[in-house]
Structures are given as C-alpha cells and as structure tokens.
Amino acid sequence: APYRALPSLRQRVTYLGCAAINAPRSEAEIQRNMAILNDSPSAMDITLIVPKSPEECVQMFEMMGVESTTADTASDSSAAETENQKLMAQFPISRIIFCARGKQESNERNCFAFTASHGSTFETGVIQCHVFRCQTTKMVADILEAFGLAFRRVPPNTANQDINIIVESGLEIKEDTADGKSNACPRDKETKFKFWLWLFF
C-alpha cells in the first residue's frame with residue numbers, strides 16, 4: 001500500500017523517571033527499573049507523543065497546570081494543547097532500542113518503558129531506561145502498538161518509487177571450427193556478430 005502520513009498518538013501519562021541500564025534489551029532489568037521507579041516521589045503527568053514515522057521523534061511535554069483526565073478522554077489530547085506546553089525531551093525513533101510493558105500480575109501492570117541511547121552517536125551514547133505509568137492497561141497496549149507501527153513504517157522517500165538499475169554486461173559467442181577448436185565470433189561496431197557458414201557436399 002502507498003505510504004500515507006498518519007496522525008501521531010498523543011496520550012496523557014505519568015512519567016516515573018529514568019535510570020541507566022547495562023542491558024537495554026533485557027526485559028528482566030527493565031522490569032526491575034519499573035518496580036523501583038513506580039514508587040518514585042518525583043513522578044509527573046506529561047503528554048507523550050508517539051509518531052507514526054521512523055524519521056520522527058517520540059516527544060514528552062510537561063503539562064504545565066493542565067488537569068489530569070480520565071482514561072476515556074486521555075487519548076483526545078490535540079496538537080493545540082502541546083503548543084502551550086514545554087517540551088521536556090525527545091527521542092528519535094532510530095535511537096530507541098527496546099520497549100516493554102509491566103507484568104499483568106504485578107503492581108506495574110499499568111506501566112511501560114523503553115530504552116534509548118543518549119549522546120552524539122548511537123554507539124557512544126549513554127543507554128537509559130524511561131518508565132511511564134498509564135491509567136489503564138488498554139492505554140499501555142495502545143501506546144506499545146503505536147511504537148510498533150513507528151518501527152515498521154517505511155520512510156516516504158523510499159516507498160513506491162521505481163528504481164532503475166543499470167547493469168553493464170558482455171556477450172561472447174563462440175563457434176566450432178573445422179579443426180575442432182572454438183573461436184570467438186568477430187563483431188563490428190554495431191555489435192553485429194559474424195558467423196562462418198560451413199557447407200559440406
């Protein structure tokens with residue numbers, strides 16, 4: 001299907017904080033960070049924006065006096081709301097390494113987290129685990145689905161384009177001679193091959 005720009009997901013969530021992580025793809029280590037930060041006294045409500053393009057950034061906006069909403073209206077945050085809010089942080093999709101949700105049987109069932117590289121380059125950056133809490137498990141599922149779509153989307157500059165590939169090749173035709181050998185057929189400037197015609201009477 002043709003690439004189609006889709007609206008980003010805007011969701012009001014609680015940001016629990018971040019912690020350095022040694023194994024950014026270890027779900028066990030991410031779960032430990034969730035459990036620790038879920039009791040963080042410095043938790044704050046934010047607007048989280050998850051883009052639908054791998055070329056964009058995940059953004060966190062401080063809500064700045066905006067009252068918290070219920071789960072039914074949390075997904076209705078509009079772009080106009082973020083215009084009056086302070087951008088706290090943003091993470092390029094290409095720098096996000098892993099996403100995970102809290103275990104259903106734990107106190108972190110409404111939490112999710114992602115690990116990301118911070119720094120001038122992906123290889124030399126510091127890896128941190130960012131933890132969030134939602135009001136319902138459905139909100140967690142919606143956010144992680146949005147992350148999955150962002151990872152899978154094809155960039156618009158590579159979608160539905162005809163690619164012309166020029167391959168240079170050569171052709172050589174050989175024919176058997178009367179003495180049992182094989183010689184290459186000569187050809188002229190117009191690349192026409194000349195064949196010998198052997199007649200036997």
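- In the model, T14 has a side-chain atom that pairs as donor or acceptor with a side-chain atom of D45 under 3.5 Å.
- Expressed to the nearest 0.5 Å, how far SG of C18 lies from CG of L37 amounts to 8.0 Å.
- Taking 4.5 Å as the limit, every side-chain heavy atom of L9 sits out of range of all side-chain heavy atoms of I49.
- V13 approaches I143 most closely through the heavy-atom pair CG1-CD1, 3.8 Å.
- Taking the six-membered ring for Trp and thresholds of 30 and 60 degrees, Y15 and H130 have nearly parallel ring planes, at less than 30 degrees apart.
- Across every non-hydrogen atom of P24 and F98, the tightest pair is O-CB, 3.4 Å.
- Atoms SG and CZ, on C111 and R133 in that order, are 6.0 Å from each other to the nearest 0.5 Å.
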Exercise for the section: Report the C-alpha separation of Q90 and Q59 in whole Å, then their side-chain angles, then the decisive distance to 0.1 Å, and conclude whether the side chain to side chain donor-acceptor pair (under 3.5 Å) test is met. Expected result: CA-CA 4 Å; Q90 59 182 1; Q59 295 179 313; 3.2 Å; yes

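- Between L16 and N38 there is a side-chain heavy-atom pair separated by less than 4.5 Å.
- Not one N or O on the side chain of S26 forms a donor-acceptor pair closer than 3.5 Å with the backbone of A23.
- Counting heavy atoms from C-beta on, the side chains of P51 and V58 come closer than 4.5 Å.
- Here I30 contributes atom CD1 and I21 contributes atom CD1; the two are 5.0 Å apart, rounded to the nearest 0.5 Å.
- Note: the hydrophobic cluster containing I36 does not contain F112 (ILVMFWY, side chain heavy atoms under 4.5 Å, direct or indirect links).
- You'll find the side chain of C57 stays beyond 4.5 Å of the side chain of I93, heavy atoms only.
- Between E62 and Q85, the shortest heavy-atom distance links the atoms O-CB, 3.1 Å.
- M34 approaches A100 most closely through the heavy-atom pair CE-O, 3.4 Å.
- Closest of all the heavy-atom pairs between S117 and I97 is N-CD1, 4.4 Å.
- A distance below 6.0 Å separates the ring centres of F147 and F114.
- Among all heavy-atom pairs drawn from S40 and S42, the shortest one is OG-OG, 3.0 Å.
- Within the model, atoms CG of L48 and CZ of R12 stand 13.0 Å from one another, a figure rounded to the nearest 0.5 Å.
- Using a 4.5 Å heavy-atom threshold, the side chains of K103 and R109 count as separate.
- Between the CE atom in M60 and the CG atom in L87 there is a gap of 9.0 Å [rounded to 0.5 Å].
- Between the side chains of Q11 and T47, no donor-acceptor pair of N or O atoms lies under 3.5 Å.
- To the nearest 0.5 Å, the span separating CZ on R101 from OG on S106 amounts to 10.0 Å.
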